[in-house]
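Report on the structure given below.
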Amino acid sequence: MANFVLQVPSIIRLRSFTVSASSSSNGAPPGGLGSSSGGGGGPVIVELPLDKIRRPLMRTRSNDASKVQQLMDSISEIGLQVPIDVLEVDGVYYGFSGCHRYEAHQRLGLPTIRCKVRRGTKETLR
């Protein structure tokens with residue numbers, strides 16, 4: 001069981017606040033990404049190890065070195081602001097976008113990257 005504390009300045013008035021929890025290994029809500037029911041719970045934001053993300057288009061594309069350097073500077077200063085999009089099929093993660101952000105993380109020696117993970121099927125990859 002995990003505990004957390006949310007501190008909100010007293011000048012901010014919240015009308016509602018929702019917290020969800022899951023016992024699945026990736027933090028996905030029941031019926032979502034981590035379930036066997038195949039339900040469409042929508043994308044889930046998770047940190048994934050870089051070496052667990054397959055990049056099938058890496059060999060056919062080259063990144064703009066200047067853009068990668070700018071992202072490295074930004075990530076070093078304020079962290080990654082926009083997660084990369086990743087498709088999960090049968091427990092394997094495929095990255096098709098976020099090439100510059102991915103390379104910036106690699107060059108910075110960061111072990112993980114924040115990802116917006118969507119569940120797909122083998123047909124999705126075709």
Side-chain angles (χ1 to χ4, degrees):
M1 175 189 249
N3 296 315
F4 70 93
V5 175
L6 174 66
Q7 295 181 338
V8 179
S10 60
I11 61 171
I12 296 176
R13 297 182 194 269
L14 296 175
R15 287 183 180 237
S16 65
F17 182 75
T18 303
V19 175
S20 63
S22 171
S23 61
S24 68
S25 63
N26 69 355
L33 178 71
S35 77
S36 59
S37 68
V44 177
I45 307 294
V46 296
E47 287 277 330
L48 291 176
L50 290 175
D51 63 357
K52 297 295 181 196
I53 302 170
R54 294 187 182 182
R55 308 284 303 178
L57 302 178
M58 243 0 205
R59 288 180 284 254
T60 63
R61 295 183 180 173
S62 62
N63 291 333
D64 179 335
S66 172
K67 186 173 181 179
V68 172
Q69 185 58 54
Q70 289 173 355
L71 283 164
M72 289 172 63
D73 295 342
S74 174
I75 291 166
S76 294
E77 189 174 324
I78 62 173
L80 181 65
Q81 299 301 297
V82 179
I84 66 170
D85 291 315
V86 172
L87 183 67
E88 182 265 329
V89 177
D90 296 333
V92 180
Y93 298 97
Y94 298 91
F96 296 99
S97 69
C99 299
H100 291 87
R101 289 169 281 166
Y102 182 90
E103 184 177 334
H105 271 69
Q106 276 185 318
R107 290 181 50 194
L108 287 167
L110 299 173
T112 63
I113 188 167
R114 192 170 337 123
C115 302
K116 179 169 40 171
V117 181
R118 296 179 189 274
R119 188 167 193 189
T121 63
K122 290 181 181 175
E123 286 74 37
T124 308
L125 293 174
R126 293 177 208 250

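Because the structure is a prediction, the values reported are computed rather than measured.
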Handout entry: Qualifying residue, where the test is side chain to side chain contact (heavy atoms under 4.5 Å, CB included) with Cys115 and the options are Asp85, Leu80, Leu87, Ile53
Key = Ile53

Mind listing the closest non-hydrogen atom pair of [X] and [Y] along with its distance?
X	Y	value
Ile45	Pro83	CD1-CG, 3.9 Å
Arg55	Ser97	NH1-O, 3.1 Å
Pro56	Gly95	CD-O, 3.7 Å

Pairwise distance [atom1]([X]) to [atom2]([Y]) - rounded to 0.5 angstrom:
X	Y	atom1	atom2	value
Leu48	Thr112	CG	OG1	8.5 Å
Gln106	Asp51	CD	CG	10.0 Å
Glu103	Lys67	CD	NZ	11.5 Å
Glu88	Thr121	CD	OG1	11.0 Å
Arg114	Ile84	CZ	CD1	11.0 Å
Asn63	Arg101	CG	CZ	11.0 Å

Problem - Validation row: Arg107, Gln69 side chains within 4.5 angstrom (heavy atoms) - result: yes

Exercise for the section: Begin with the C-alpha distance, continue with both residues' side-chain angles, and end with the deciding distance and a verdict on side chain to side chain contact (heavy atoms under 4.5 Å, CB included) for Val86 and Ile113. Expected result: CA-CA 11 Å; Val86 172; Ile113 188 167; over 6 Å; no

Exercise for the section: Verify, without hydrogens or angle tests, whether Ser74 (side chain) and Gln70 (backbone) share a donor-acceptor contact under 3.5 angstrom. Expected result: no

